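Structure first, then comments.
Bear in mind the structure is a predicted one, so any value in this text is a computation, not a measurement. Whatever order the structure lists them in is the order used to number ligands and atoms, beginning at 1. Here, residue 1 is the first one in the sequence, and each next residue gets the next number.
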Amino acid sequence: MNVTSVSFPYGESIHWFSPQKIDSLPNNQLKDWLLAPGSLTQRLKTHCRHFEVKVLGEHLLSPLEHEFPSHNEPVWIREVLLCLDGTPWVFARTLIPQNILHTQSHHFEGLGTRPLGEVLFTSPDITPGEIEVAQFETCGRLAALATSLDQHVTSSLWGRRRYFNLLGSQLIVSEIFLPAAVEYINQD
Ligand SMILES: C=C(O[C@@H]1C=C(C(=O)O)C=C[C@H]1O)C(=O)O
């Protein structure tokens with residue numbers, strides 16, 4: 001895997017849609033994965049023997065570097081690959097405002113290769129919000145990331161974004177399904 005931190009952060013500014021307002025959702029099994037309300041980590045683990053979180057990078061983004069709406073403070077970013085039996089299936093990007101990071105550091109500091117979902121879906125203080133979806137062109141940065149992972153991008157990629165509510169504030173989790181995941185999911 002020739003992914004390097006040099007090109008971190010991989011994430012790019014994306015236009016997200018409510019599933020009810022986009023008429024071009026995938027008309028196959030991927031749609032179910034995009035809109036599934038529970039922990040993606042838990043679902044992925046049922047499709048492999050070995051599940052692994054590869055951390056591509058984590059650090060604070062200045063207010064000018066991130067797209068977190070209505071936040072003029074630094075935001076902590078974490079970008080990972082979720083790998084099933086050694087194959088990257090999902091690129092995930094999490095944005096956490098500094099106020100959450102400071103007040104809830106026990107949740108997020110030192111997470112390392114533990115899946116964030118183990119925190120988000122087990123803490124009574126955190127509630128998942130609505131799911132939005134987006135399509136990523138084959139010429140975008142995330143397609144380039146997939147190509148760098150030796151996965152051929154033959155059609156646009158699909159992803160989803162969820163806000164998680166935590167004590168009056170919010171963090172954002174985006175997950176993009178890489179070609180290897182789409183191939184497996186749609187073969188059923
Ligand atoms: C939100 C979840 O956590 C997953 C794990 C992540 C991580 O470890 O950074 C990020 C996004 C998710 O795909 C989940 O399991 O649904």
Side-chain angles (χ1 to χ4, degrees), residues 1 3 5 7-12 14 16 19 26 29-61 66-68 75-98 100-101 104-134 136 141-142 145-146 149 151 157-167 169-182 184-185:
M1 181 184 297
V3 173
S5 61
S7 38
F8 170 78
Y10 294 103
E12 57 195 45
I14 299 110
W16 298 92
Q29 291 87 326
L30 180 61
K31 178 178 175 181
D32 172 62
W33 284 72
L34 281 170
L35 305 182
S39 166
L40 181 58
T41 296
Q42 287 312 312
R43 186 169 186 179
L44 292 173
K45 285 182 174 178
T46 65
H47 291 272
C48 64
R49 287 180 303 281
H50 175 63
F51 178 83
E52 179 185 9
V53 176
K54 284 188 186 293
V55 179
L56 298 177
E58 295 175 307
H59 69 226
L60 275 182
L61 293 182
H66 64 75
E67 75 276 11
F68 204 112
V75 164
W76 183 74
I77 182 172
R78 167 183 167 96
E79 292 192 335
V80 303
L81 292 173
L82 304 185
C83 302
L84 280 63
D85 297 329
T87 302
W89 269 43
V90 173
F91 166 80
R93 185 181 203 216
T94 302
L95 297 174
I96 302 180
Q98 210 165 26
I100 291 184
L101 208 58
Q104 304 295 320
S105 58
H106 58 289
H107 278 318
F108 304 110
E109 277 183 357
L111 193 62
T113 57
R114 267 184 58 219
L116 182 65
E118 290 180 3
V119 172
L120 298 180
F121 287 93
T122 54
S123 165
D125 302 330
I126 303 176
T127 54
E130 294 303 312
I131 291 175
E132 299 170 305
V133 296
F136 302 80
R141 288 167 62 87
L142 289 169
L145 170 65
L149 298 170
Q151 296 192 27
L157 301 175
W158 280 94
R160 68 185 194 165
R161 178 174 77 167
R162 280 185 285 189
Y163 284 79
F164 286 83
N165 306 296
L166 174 55
L167 303 177
S169 193
Q170 292 182 312
L171 58 93
I172 307 179
V173 178
S174 305
E175 298 150 324
I176 289 81
F177 290 89
L178 297 171
V182 177
Y184 175 96
I185 289 168

Report yes or no: does R43 have a heavy atom closer than 4.0 Å to ligand 1? no

R160 to ligand 1: N or O pair under 3.5 Å? no

Do the rings of F136 and W16 sit parallel, tilted or perpendicular, given the 30° and 60° boundaries? perpendicular

Any L82 heavy atom less than 4.0 Å from ligand 1: yes

Classify the ring geometry of Y184 against H47: parallel below 30°, tilted from 30° to 60°, perpendicular beyond 60°. perpendicular

Can you report which non-hydrogen protein atom sits closest to atom 5 (C) of ligand 1, along with the distance? L116 N, 3.6 Å

Among non-hydrogen protein atoms, atom 9 (O) of ligand 1 lies closest to R78 NE, 2.7 Å

With atoms numbered from 1 as shown, which atoms in ligand 1 lie under 4.0 angstrom from a non-hydrogen atom of R162? 16 (O)

Could you tell me the residue and atom name of the protein heavy atom closest to atom 1 (C) of ligand 1, and the distance to it rounded to 0.1 Å? L120 CD1, 3.6 Å

Distance filter under 4.0 Å to F121 heavy atoms, resulting ligand 1 atoms: 14 (C), 16 (O)

Protein contact to atom 15 (O) of ligand 1 [nearest heavy atom, distance to 0.1 Å]: T41 OG1, 2.6 Å

Counting heavy atoms only, which of G117, A92, S174 comes nearest to atom 10 (C) of ligand 1? A92

Salt bridge R162-E175, side-chain N to carboxylate O under 4.0 Å: yes

Would you call L149 and L178 a side-chain contact if the rule is heavy atoms closer than 4.5 Å? yes

So T87 and Q151, do their side chains get closer than 4.5 Å, heavy atoms only? yes

For ligand 1, which atoms, with element, lie under 4.0 Å from some heavy atom of V80? 7 (C), 9 (O)

Could you work out, with ring-ring contact (aromatic ring centres under 6.0 Å, His included) as the rule, every residue matching F108, not counting sequence neighbours? none

With sequence neighbours left out, write down each residue that passes side chain to side chain contact (heavy atoms under 4.5 Å, CB included) with S39, or none if nothing qualifies. T41, Q42, F121

Among all protein heavy atoms, pick the one closest to atom 16 (O) of ligand 1 and tell me residue, atom and distance. L40 N, 2.7 Å

Atom 12 (C) of ligand 1: which protein heavy atom is closest, and how many Å away? E175 OE2, 3.1 Å

Within a distance under 4.0 Å of any heavy atom of P115, pick out the atoms of ligand 1 and give their elements. 8 (O)

Answer side chain, backbone, both or neither: which part of E118 comes under 4.0 Å from ligand 1, heavy atoms only. neither

Could you tell me whether E58 and R93 make a salt bridge, using a distance below 4.0 angstrom between a side-chain N and a carboxylate O? no

Are any non-hydrogen side-chain atoms of V173 and F164 less than 4.5 angstrom apart? yes

Please step through side chain to side chain contact (heavy atoms under 4.5 Å, CB included) for the pair F177 and F91, ending with a clear verdict. CA-CA 7 Å; F177 290 89; F91 166 80; over 6 Å; no

Are R43 and W33 close enough, and set up right, to give a side chain to side chain contact (heavy atoms under 4.5 Å, CB included), and what steps lead you there? CA-CA 9 Å; R43 186 169 186 179; W33 284 72; 3.2 Å; yes

Tell me whether Q42 has any N or O atom under 3.5 angstrom from an N or O of ligand 1. no

What atoms of ligand 1 come closer than 4.0 angstrom to any heavy atom of V173? 11 (C)

